[in-house]
Amino acid sequence: MHRAQLVAMARHNIAHTRAGSIALAPAVQRVPARHYTDPARFERERARIFRRLPLLLATSVELPKPGDYCALEAVGMPVLLCRGGDGQVRAFANLCRHRGAQLVPEGCGRARRFVCPYHAWSYDTDGALVGIMDEAEFGAVARESHGLVKLPVLERAGLIWVTPDPHSTLDIAHFLSGYDALLSSFAFERWTLLERREVKGPNWKLAFDGYLDLYHLPILHKDTFGADFPNRALYHAFGPHQRVDAPNPALLELEAKPEAMWPTEMLNTGVWTIFPHVSIATFDTGLRGVLLSQLFPGAEVGESRTVQSYLVATPPESEEQRKALDAQWELLGYVVEQEDYATGFRQQAALQSGALPAVMFGRNEGGGQTFHAWVERLLETDDEALTGALCAPVSASFQP
Ligand code: FES
Ligand SMILES: [Fe+2]
């Protein structure tokens with residue numbers, strides 16, 4: 001099924017490439033500048049978006065074998081991901097049931113047991129409480145009801161989503177809206193994680209806007225990679241998630257071949273964004289790679305952090321390939337920090353001055369319009385209506 005959707009998107013691309021057109025949104029949309037600067041709104045976004053929705057917190061290749069684990073923090077929730085003996089990934093709040101000490105220091109590793117550094121209570125990789133220090137003297141505690149606190153988790157397409165709320169009833173597969181089937185065309189579970197780093201950025205939405213925006217590529221990035229890039233985008237929405245691609249003349253040659261022979265790597269190009277906080281940008285330096293960017297709101301409205309991971313379909317086999325990948329990694333770091341986020345920090349300061357009532361997203365920037373419409377909808381949606389709110393498409397309607 002996912003292949004038929006990829007082919008349909010390629011045909012859409014071919015039609016627009018031939019016509020020299022793109023799909024345009026009905027109107028220019030304005031987003032109030034305070035949406036990027038208001039601390040109260042920012043707190044609401046943390047609570048209603050980041051603490052309520054599944055977040056992409058890891059890739060399967062980070063914990064490939066039983067006993068592999070990763071501990072990390074996401075919007076104030078300490079998270080422990082672990083692959084159990086049955087091969088299933090589980091997610092827990094990374095804290096001890098005794099008195100809440102952090103169970104595992106942040107980072108990845110392999111373990112058969114997790115032993116709390118405070119009083120040595122221990123848990124197995126399924127989260128079960130298996131050891132209580134000096135249990136006879138401590139007193140009676142029902143082990144079966146004092147395992148690690150579980151968080152909803154789903155592993156799909158070589159990616160791992162966790163909802164950072166133990167009480168969440170939202171079905172993660174429902175939230176993914178079939179997008180995971182398209183992402184499975186990459187087979188990320190067989191890729192290699194080469195590099196990772198963290199970059200500080202402006203307000204998370206200001207930063208995220210840039211990942212949905214091809215309009216700026218030949219302008220802001222003219223001195224690095226963008227001079228020859230088209231500035232026109234085609235957007236495809238699956239629930240709140242959006243794939244961004246540019247009209248691609250290389251696809252025209254596919255038309256002469258049967259669809260079954262269209263290579264997958266020509267069908268899933270572009271940028272795959274995952275609401276609310278992830279971008280997967282595809283590259284080809286001879287070896288197929290992606291820059292996977294996970295954005296998280298920072299401590300203040302004007303701050304965010306981005307975890308960048310560089311994944312490649314096959315590991316480099318020669319010194320030459322390694323050098324090409326290293327150069328690409330350096331370039332991507334420079335582009336995001338010195339061009340995108342440097343611009344973003346100046347936008348942030350400008351918006352905080354209060355001089356501008358609203359920013360605009362043009363008819364050619366439909367992806368940004370859709371993203372902000374989803375943010376707005378989720379802020380307005382109460383918990384009991386959340387599942388239903390994720391089903392219907394949005395239309396942007398902002399007033400300056
Ligand atoms: S807090 Fe973990 S054993 Fe006491
Ligand atoms: Fe950019």
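Indexing begins at 1, ligand by ligand and atom by atom, following the structure's order.
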Undergrad: Hey, which atoms in ligand 1 end up nearer than 4.0 Å to a heavy atom of Tyr118?
TA: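 Atoms satisfying the 4.0 Å criterion: 1 (S), 4 (Fe).
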Undergrad: Between His372 and His35, is the ring centroid distance below 6.0 Å?
TA: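 Ring centres of His35 and His372 not closer than 6.0 Å.
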Undergrad: Specify the protein heavy atom at minimum distance from atom 1 (S) of ligand 1: its residue, its atom name, and the distance to 0.1 Å.
TA: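 In this structure, atom 1 (S) of ligand 1 has Arg99 N, 3.4 Å as its nearest protein heavy atom.
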Undergrad: Within the 4.0 Å heavy-atom shell around Ala120, which atoms of ligand 1 are there?
TA: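 Heavy-atom distances to Ala120 below 4.0 Å select 3 (S).
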Undergrad: Would you name the N/O/S atom of Asp340 that lies closest to the Fe ion (ligand 2)?
TA: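 Asp340's closest N, O or S atom to the Fe ion (ligand 2) is named OD1.
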Undergrad: Hey, would you say the His241 and Phe175 ring centroids sit under 6.0 Å apart?
TA: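 Between His241 and Phe175, the centre distance is under 6.0 Å.
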Undergrad: Once you measure the plane-to-plane angle for Tyr69 and Phe114, does it fall in the parallel (<30°), tilted (30-60°) or perpendicular (>60°) bin?
TA: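 Perpendicular: the ring planes of Tyr69 and Phe114 meet at over 60°.
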Undergrad: Of all N/O/S atoms in His119, which lies nearest to atom 4 (Fe) of ligand 1?
TA: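 Closest to atom 4 (Fe) of ligand 1 among those atoms: ND1.
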Undergrad: At a 4.0 Å threshold, what atoms of ligand 1 neighbour a non-hydrogen atom of Ala101?
TA: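 Reading through ligand 1 atom by atom, the close ones are 1 (S).
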Undergrad: To 10 degrees, how wide is the angle SG (Cys96) to atom 2 (Fe) of ligand 1 to SG (Cys116)?
TA: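 Rounding to the nearest 10 degrees gives 110°.
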Undergrad: Under 4.0 Å from a heavy atom of Trp121: which atoms of ligand 1 are those, numbered in the order shown and with their elements?
TA: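 Under 4.0 Å from Trp121, ligand 1 has these atoms: 3 (S).
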Undergrad: Using the ring pair (Phe, Tyr, Trp, His ring centres under 6.0 Å) rule, pick out the option among Tyr211, Phe188, Tyr179, Phe238 that qualifies with Trp272.
TA: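 Filter result, single survivor: Tyr179.
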Undergrad: Which of the N/O/S atoms in His98 sits closest to atom 4 (Fe) of ligand 1?
TA: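 Closest N, O or S atom of His98 to atom 4 (Fe) of ligand 1: ND1.
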Undergrad: Quick check: His216 with Phe229 (ring centres under 6.0 Å apart)?
TA: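 That pair fails the under 6.0 Å test.
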Undergrad: Is it true that Asp126 and Arg90 make a salt bridge, defined as a side-chain N closer than 4.0 Å to a carboxylate O?
TA: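 Arg90 and Asp126: salt-bridged.
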Undergrad: Report the angle formed at the Fe ion (ligand 2) by atom NE2 of His221 and atom NE2 of His216, rounding to the nearest 10°.
TA: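 Once rounded, the angle between the two atoms at the Fe ion (ligand 2) is 90°.
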Undergrad: Cation-pi between Arg99 and Trp121: NZ/CZ under 6.0 Å from ring centre and within 45° of the ring axis?
TA: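 Because its charged atom misses either the 6.0 Å distance or the 45° angle limit, Arg99 does not stack over Trp121.
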